[in-house]
Number of protein chains: 2
Amino acid sequence: MGIENGKIRIKDVAKKAGVSTGTVDRVLHNRGEVKEETRKKVIDIIREMGYTPNLIAKSLASKKLYRFAVIIPDANNYTPYWEKPLQGVLKAAEEIKDFNSIVDVHKFKGSDENSFRKVYAEVLKCNPDGVVFNPKHKKASLDFVKLMDEERIPYVYLDVDLASGNNIAFFGQNARQSGQAAARLISNIIPNGSEILIAKLAGKKLVSHHITLREKGFIDFFKNSNNCDCKFKSIDIDLSINTEPSLSLKKIFGEHHNIKAVFVPNSRVYRVAAFLKENNLQRTICLGYDLIQPNVEYLNLGVIDFLIGQKPEDQGFNSIMALFNHLVLQKKVNKLNYSQIDIIIKENIAYYNL
Amino acid sequence: MGIENGKIRIKDVAKKAGVSTGTVDRVLHNRGEVKEETRKKVIDIIREMGYTPNLIAKSLASKKLYRFAVIIPDANNYTPYWEKPLQGVLKAAEEIKDFNSIVDVHKFKGSDENSFRKVYAEVLKCNPDGVVFNPKHKKASLDFVKLMDEERIPYVYLDVDLASGNNIAFFGQNARQSGQAAARLISNIIPNGSEILIAKLAGKKLVSHHITLREKGFIDFFKNSNNCDCKFKSIDIDLSINTEPSLSLKKIFGEHHNIKAVFVPNSRVYRVAAFLKENNLQRTICLGYDLIQPNVEYLNLGVIDFLIGQKPEDQGFNSIMALFNHLVLQKKVNKLNYSQIDIIIKENIAYYNL
DNA sequence: CTGAAAGCGCTTACAG
DNA sequence: CTGAAAGCGCTTACAG
């Protein structure tokens with residue numbers, strides 16, 4: 001090893017500068033206590049020799065333990081989706097554990113803002129070095145962000161972009177654009193003049209901003225394309241009512257006989273698929289979001305025609321890695337990170353659903 | 001650090017076993033020279049304490065330098081595609097360089113088997129620790145593989161699966177399945193009874209196995225689905241002839257007036273798109289492979305309707321990482337690794353073409 | 001303000 | 001067959 005290998009070590013820099021390795025380390029990390037003159041000299045030599053630190057050695061020698069906290073909704077019947085980002089988070093945790101870094105996962109009840117507040121208060125008590133969280137509750141999230149800014153704790157938004165705050169990164173989908181892609185797929189297939197049902201299924205009367213944007217993108221596509229003159233029927237369905245979504249869907253399909261496609265702007269599309277299957281409406285084009293198990297089943301049955309995926313595992317994984325790169329490796333990280341808008345059909349799902 | 005931290009070190013194992021760290025290291029790496037009795041004892045204690053090596057320390061201490069060789073076609077006018085796997089390879093190289101591992105890239109002329117043979121002979125002279133290569137030339141590749149088996153050099157297939165040999169992994173697409181996905185997308189759109197043109201464009205009369213499989217998958221889909229009774233017209237076009245593909249396409253479209261879709265089972269689809277645009281045939285559904293620049297442009301113009309992507313960067317990246325995991329980290333690696341079959345349209349390409 | 005030394009967990013000759 | 005010691009490139013008290 002050493003210079004002859006092309007790899008410059010601190011020792012090499014120190015020697016050339018006529019100082020000790022300790023001094024080089026001090027200027028490397030701006031730890032002060034160095035005469036300006038020698039600092040300059042060392043800096044110059046670092047540049048000149050093209051020194052780059054050996055991350056391996058750095059990590060081994062460092063006593064600092066990095067703790068990252070993750071705050072996401074608890075996966076449940078309405079939102080099995082959140083299992084996926086969690087998987088990614090845990091994979092990242094495994095990958096960075098030899099680098100003195102650990103990840104703590106904290107869950108809150110997705111629909112309950114107070115639960116989120118309680119969890120973030122706990123997290124702050126632990127003094128994490130960095131935080132990844134899902135800011136679905138806007139107001140509470142803004143309060144949280146303010147506290148982290150005061151403590152100079154870096155944070156990453158997952159799934160939803162708060163669009164304010166000093167987050168080092170955001171990982172999620174461009175919701176509006178995904179609606180446009182959905183629209184293209186449907187408009188390709190259905191005849192001119194068809195009716196399209198937009199069914200927003202929610203656990204409790206909570207239709208998030210996300211969902212609204214997907215719908216907006218969807219409708220805008222048709223508005224801006226002159227080759228499909230379709231009519232929309234948009235409804236909200238409250239799944240906490242026992243008889244839903246059957247009741248509402250039956251009514252709609254009874255009243256509108258020219259519905260050629262259903263667009264469900266979230267992961268509850270399997271509930272619509274069940275209805276379509278029971279009522280022999282499989283020929284209706286059905287498109288929804290996310291590769292959760294029941295959706296995959298209806299896709300394979302041919303009831304759901306398209307699913308839009310967004311690689312939630314990757315989002316979880318990359319969120320942690322962003323924190324790690326920022327804090328531990330001190331690499332620059334991109335702030336705005338839109339996931340791919342994956343188009344999934346029966347014929348390609350095998351290679352996504354891993 | 002140490003036990004109180006939950007992390008067991010070699011030192012801890014040695015102490016409990018009443019031996020030195022050197023001895024533990026010997027049993028850990030099966031380096032022999034250990035009495036069977038002490039070997040057993042150490043093994044037991046390793047299990048009991050749940051020792052796992054610290055990869056960071058391992059890498060820092062190790063003097064062994066790993067050299068990986070990559071052999072891929074040179075990107076050129078006919079195959080700009082190969083830029084993409086190369087990008088992934090270089091990214092992986094960057095990622096593992098602090099782990100005493102370097103990657104050498106060797107290129108051969110894609111269409112020239114002898115060029116491939118020459119390159120692999122050179123590579124063997126360098127005694128690489130592992131090889132990633134594209135076995136498009138079957139016979140030469142089998143010879144190469146045999147030599148590597150003799151030298152016990154592990155190797156990975158990229159893009160094409162030789163389907164024999166002791167490769168530790170393969171990264172590429174399930175070609176037949178991608179043809180099926182393509183067929184589904186087209187059959188969704190075109191009316192019953194349409195004609196479909198399958199245009200196989202090649203640089204020289206070389207239609208690879210790959211391409212044949214894609215075509216097969218495409219046709220089989222229609223055969224097996226009862227709701228689309230379409231006719232196929234399949235042609236080979238030799239792009240090394242100046243007047244092609246115009247000449248052939250003009251003839252076909254002149255003779256067949258009911259062609260509603262063109263399927264191009266490789267990345268040269270942009271040549272067909274150019275023809276469609278010039279001849280005002282944009283309404284013909286056009287589907288091809290790979291996100292190379294000219295294809296992306298015609299997709300954005302609305303001439304190409306779908307592109308099938310396969311994440312070639314990831315394939316390159318993962319090939320190297322497979323070698324690295326196998327040799328350096330001694331992790332198990334999956335042998336058969338099919339890439340995703342990405343469906344790309346104008347509305348989602350922005351998040352793929354990075 | 002600066003340097004010498006110990007240590008991170010592992011590997012690698014070397015001595016016996 | 002086994003152990004003691006040096007070393008990988010860095011960080012971290014500590015002494016001056």
Side-chain angles (χ1 to χ4, degrees), chain A residues 1-43 46 49-66 97-101 328-330, chain B residues 1-43 46 49-66 97-101 328-330:
Chain A
M1 292 282 150
I3 294 189
E4 64 282 4
N5 185 24
K7 212 35 193 157
I8 313 296
R9 301 156 302 173
I10 284 193
K11 200 196 268 186
D12 303 315
V13 174
K15 198 168 165 192
K16 190 149 188 179
V19 298
S20 73
T21 60
T23 299
V24 175
D25 191 71
R26 277 177 205 106
V27 344
L28 235 25
H29 298 88
N30 299 309
R31 288 205 267 107
E33 308 189 16
V34 181
K35 214 201 291 174
E36 182 54 25
E37 191 187 324
T38 60
R39 206 187 74 89
K40 270 233 172 81
K41 189 168 171 191
V42 170
I43 293 250
I46 285 173
M49 301 183 82
Y51 168 81
T52 57
N54 180 322
L55 268 21
I56 299 295
K58 191 169 177 171
S59 172
L60 184 61
S62 174
K63 295 226 176 319
K64 163 100 183 114
L65 177 68
Y66 289 90
K97 73 164 200 283
D98 277 344
F99 285 87
N100 295 327
S101 304
V328 183
L329 305 186
Q330 291 168 46
Chain B
M1 292 281 146
I3 295 188
E4 64 283 1
N5 186 25
K7 211 39 192 157
I8 312 296
R9 301 156 302 173
I10 285 194
K11 200 196 270 185
D12 302 315
V13 174
K15 198 167 165 193
K16 190 149 187 178
V19 299
S20 75
T21 61
T23 300
V24 175
D25 191 71
R26 277 179 205 105
V27 345
L28 236 24
H29 298 90
N30 300 309
R31 286 203 268 110
E33 308 188 20
V34 181
K35 212 200 295 174
E36 181 54 23
E37 192 187 323
T38 60
R39 206 187 75 87
K40 269 234 172 83
K41 190 168 168 191
V42 170
I43 294 250
I46 286 172
M49 300 182 83
Y51 169 80
T52 57
N54 181 323
L55 268 21
I56 298 296
K58 192 171 177 170
S59 172
L60 184 60
S62 175
K63 296 226 176 321
K64 163 98 183 117
L65 178 68
Y66 289 89
K97 73 163 200 284
D98 277 343
F99 285 87
N100 294 325
S101 304
V328 183
L329 305 187
Q330 290 169 47

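First the proteins, then the strands, lettered A, B, ... as listed; each starts at 1.
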Here the distance between atom P of dG9(D) and atom NZ of K15(A), to the nearest Å, is 13 Å

When rounded to whole Å, the NZ to C1' distance for the pair K58(B) and dC10(D) reads 21 Å

Taken to the nearest whole Å, CG/N54(B) to P/dG7(C) is 18 Å

Against the side chain of K35(B), the closest entry in dC8(D), dC1(D), dG9(C) is dC1(D)

Checking N1-N3 plus N6-O4 or O6-N4 for Watson-Crick, or N1-O2 and O6-N3 for wobble, each under 3.5 Å, the partner of dA13(D) is none

Rounded to whole Å, the CD1-C1' distance (I56(B) to dC10(D)) equals 12 Å

Considering only heavy side-chain atoms of L60(B), the closest of dC10(D), dC8(D), dT2(D) is dC8(D)

Taking dT2(C), dC10(D), dC10(C) as options, the one with an atom nearest any side-chain atom of P53(A) is dC10(D)

- Item | Phosphate-side-chain proximity, T23(B) and dC1(D), N/O vs OP1/OP2 below 4.0 Å | no

Reckon S62(B) has a side-chain N or O less than 4.0 Å from the OP1 or OP2 of dC10(C)? no

Sorted by position of nearest nucleotide on DNA chain D, 5' first, the leading residue of T21(A) and E36(B) is E36(B)

Between CD1 of I10(B) and P of dT12(C) the distance, given in whole Å, is 11 Å

(Q) It should be established whether S20(B) places a side-chain nitrogen or oxygen under 4.0 Å from OP1 or OP2 of nucleotide dA4(D). (A) no

For A14(B) and T21(B), the nearest pair of non-hydrogen atoms, with its separation, is CB-N, 3.8 Å

To the nearest angstrom, the NZ-P distance between K97(A) and dC8(C) comes to 20 Å

Between the CD1 atom in I46(B) and the CD1 atom in I10(B), the distance rounded to the nearest 0.5 Å is 8.0 Å

Using a heavy-atom cut-off of under 4.0 Å over every strand shown, decide if D25(A) touches base, sugar-phosphate, or nothing. base

Interatomic distance, CD1@I56(B) vs CZ@F99(B), rounded to 0.5 Å, equals 4.5 Å

From NE2 of H29(B) across to P of dT12(C) the rounded distance in Å is 8 Å

Looking only at heavy atoms, the pair that brings R39(B) and V27(B) closest together is CG-CB, 4.0 Å

Whole-Å distance, R26(B) CZ to dG3(D) C1', equals 8 Å

Review point. If we only count heavy atoms from C-beta on, is the Y51(A) to V24(A) side-chain gap below 4.5 Å?
Key: no

Categorize S59(A) for me: base, sugar-phosphate, or nothing, with a 4.0 angstrom heavy-atom threshold over every strand shown. nothing

